[in-house]
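Shown next, in structure tokens, is the structure this report addresses.
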Amino acid sequence: MEALSVVEDEVRELVRRQGLDPATEPHRIRTLIDEVVRDYDERALLGAVPQLGELEAAKRSVFDNVAGFGPLQPLLDDPGIEEIWVNAPHQVFCARGGRSELTGIRLDAGQIAALVERMLKASGRRLDLSQPFVDCQLPDGSRLHVVIPDITREHWAVNIRKFIARAARLDDLVELGSLSEDAAFYLSCAIGAGMNVIVTGPTQAGKTTMLNCLSSAIGPRERVITIEEIFEL
């Protein structure tokens, strides 16, 4: 851990000096990390600094902490995980295949606050006592919902709903086996005729994906109005 901290500090200092933006220049950050890790490993071979361990794992950890969302980044990168929520520093859950599971991730209150601050940076939203909850979108399209005390009893509550879109058109749903060709044709005609269509279902049922597919059938000369702040539409 000491070796990783040294490498991470060196990378952060170089990022600051070179004026790099980790959010928009990930490739340059990776190149920088490769160079710092290579230099550190050479010093470690001479016994000048502690050993770093497995180099690729170290690079991933440093990149997640500098350009990603730290310990939560592996969960965000995992395509099988649909939702992540933090109920307390020692209670980080995720949903996989519709089932929740407690992860082994342990954070402290300071880490959670720092991670949320980084998540909110791209949205321009703020979180404080005057605005103790926020809903926004992460750069990858996921929904972020955060609530802080005194709305919550003690700890910050963080929820991330990952937006895993596997379909953008009704034909895509047919290919995935979610709709029959007849059903897709009927829905396309209904949208084209301006009929009312209600989309309903439980959490993670695919309502937003269905809405996006239906919207692809809207004529190019039509005007679309959304009454709720749904970023994925």
Side-chain angles (χ1 to χ4, degrees), residues 23-24 26-27 30 56 60 63-64 67-87 91-105 115 119 122-123 134-147 157-233:
T24 60
H27 297 298
R30 290 188 187 278
E56 291 304 317
R60 286 194 299 271
F63 181 83
D64 288 347
F69 298 122
L72 298 183
Q73 191 62 46
L75 301 180
L76 291 167
D77 292 338
D78 188 335
I81 291 178
E82 305 155 346
E83 189 170 3
I84 304 162
W85 61 97
V86 182
N87 291 345
Q91 293 181 348
V92 180
F93 294 84
C94 70
R96 192 191 306 269
R99 296 187 176 184
S100 62
E101 58 186 64
L102 178 64
T103 71
I105 297 174
L115 285 173
M119 291 177 181
S123 70
V134 67
D135 285 290
C136 67
Q137 184 182 34
L138 295 180
D140 67 352
S142 299
R143 295 184 198 172
L144 172 68
H145 178 70
V146 186
V147 185
V158 182
N159 178 267
I160 301 172
R161 287 277 305 280
K162 293 173 65 177
F163 181 56
I164 307 173
R166 298 185 178 90
R169 299 173 299 115
L170 289 170
D171 290 343
D172 295 335
L173 293 179
V174 174
E175 292 178 5
L176 290 170
S178 300
L179 284 180
S180 67
E181 290 186 7
D182 289 343
F185 177 73
Y186 173 80
L187 289 172
S188 179
C189 291
I191 295 298
M195 297 176 66
N196 293 329
V197 178
I198 298 176
V199 179
T200 182
T203 301
Q204 294 291 346
K207 298 184 296 295
T208 302
T209 299
M210 173 59 82
L211 282 171
N212 276 328
C213 292
L214 291 173
S215 68
S216 71
I218 298 173
R221 302 178 69 87
E222 297 290 337
R223 183 174 64 164
V224 178
I225 301 174
T226 59
I227 305 178
E228 186 176 350
E229 191 178 34
I230 300 297
F231 299 100
E232 294 93 335
L233 294 179

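Put simply, the side chain of Arg96 reaches to within 4.5 Å of the side chain of Asp78, judged on heavy atoms. Residues Leu115 and Val158 fail the side-chain proximity criterion, which asks for heavy atoms closer than 4.5 Å. Ile191 has its side chain out of reach of Leu170: every pair of non-hydrogen atoms, C-beta onward, lies at least 4.5 Å apart.
Heavy-atom neighbours of Glu101 CD from other residues, nucleotides or ligands within 6.0 Å: above the threshold of 12.
For the pair Ser215 (side chain) and Asn212 (backbone), a donor-acceptor distance under 3.5 Å is present. One N or O on the side chain of Lys162 and one on the backbone of Leu76 form a donor-acceptor pair closer than 3.5 Å. A donor-acceptor distance shorter than 3.5 angstrom exists from the side chain of Thr103 to the backbone of Val92, with no hydrogens or angles considered.
Between the side chains of Ser180 and Asp182, no donor N or O sits under 3.5 Å from an acceptor N or O.
Across all non-hydrogen atoms, the minimal contact from Pro202 to Lys207 is O-NZ, 2.9 Å. The nearest pair of heavy atoms linking Gln137 to Ser123 is O-CB, 4.5 Å. Of all heavy-atom pairs spanning Pro71 and Pro74, the tightest one is O-CD, 3.3 Å. When all heavy atoms of Ser142 and Ile160 are compared, the closest pair comes out as CB-CG2, 3.9 Å. The two atoms that bring Trp85 and Ser100 nearest to each other are CH2-CB, 3.5 Å, heavy atoms only.
Phe69 contributes atom CZ, which lies 8.5 Å from atom CG of Leu144 (distance to the nearest 0.5 angstrom). The distance from atom CD of Glu83 to atom CG of Asn159, rounded to the nearest 0.5 Å, is 4.5 Å. Between the CG atom in Leu173 and the OG atom in Ser216 there is a gap of 8.5 Å [rounded to 0.5 Å].
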- [ ] Please test Thr208 against Arg143 for side chain to side chain donor-acceptor pair (under 3.5 Å), starting from the C-alpha separation and ending with a verdict.
- [x] CA-CA 12 Å; Thr208 302; Arg143 295 184 198 172; 3.2 Å; yes

- [ ] Determine, stepwise, if the pair Asp64 / Leu72 fulfils side chain to side chain contact (heavy atoms under 4.5 Å, CB included).
- [x] CA-CA 8 Å; Asp64 288 347; Leu72 298 183; over 6 Å; no

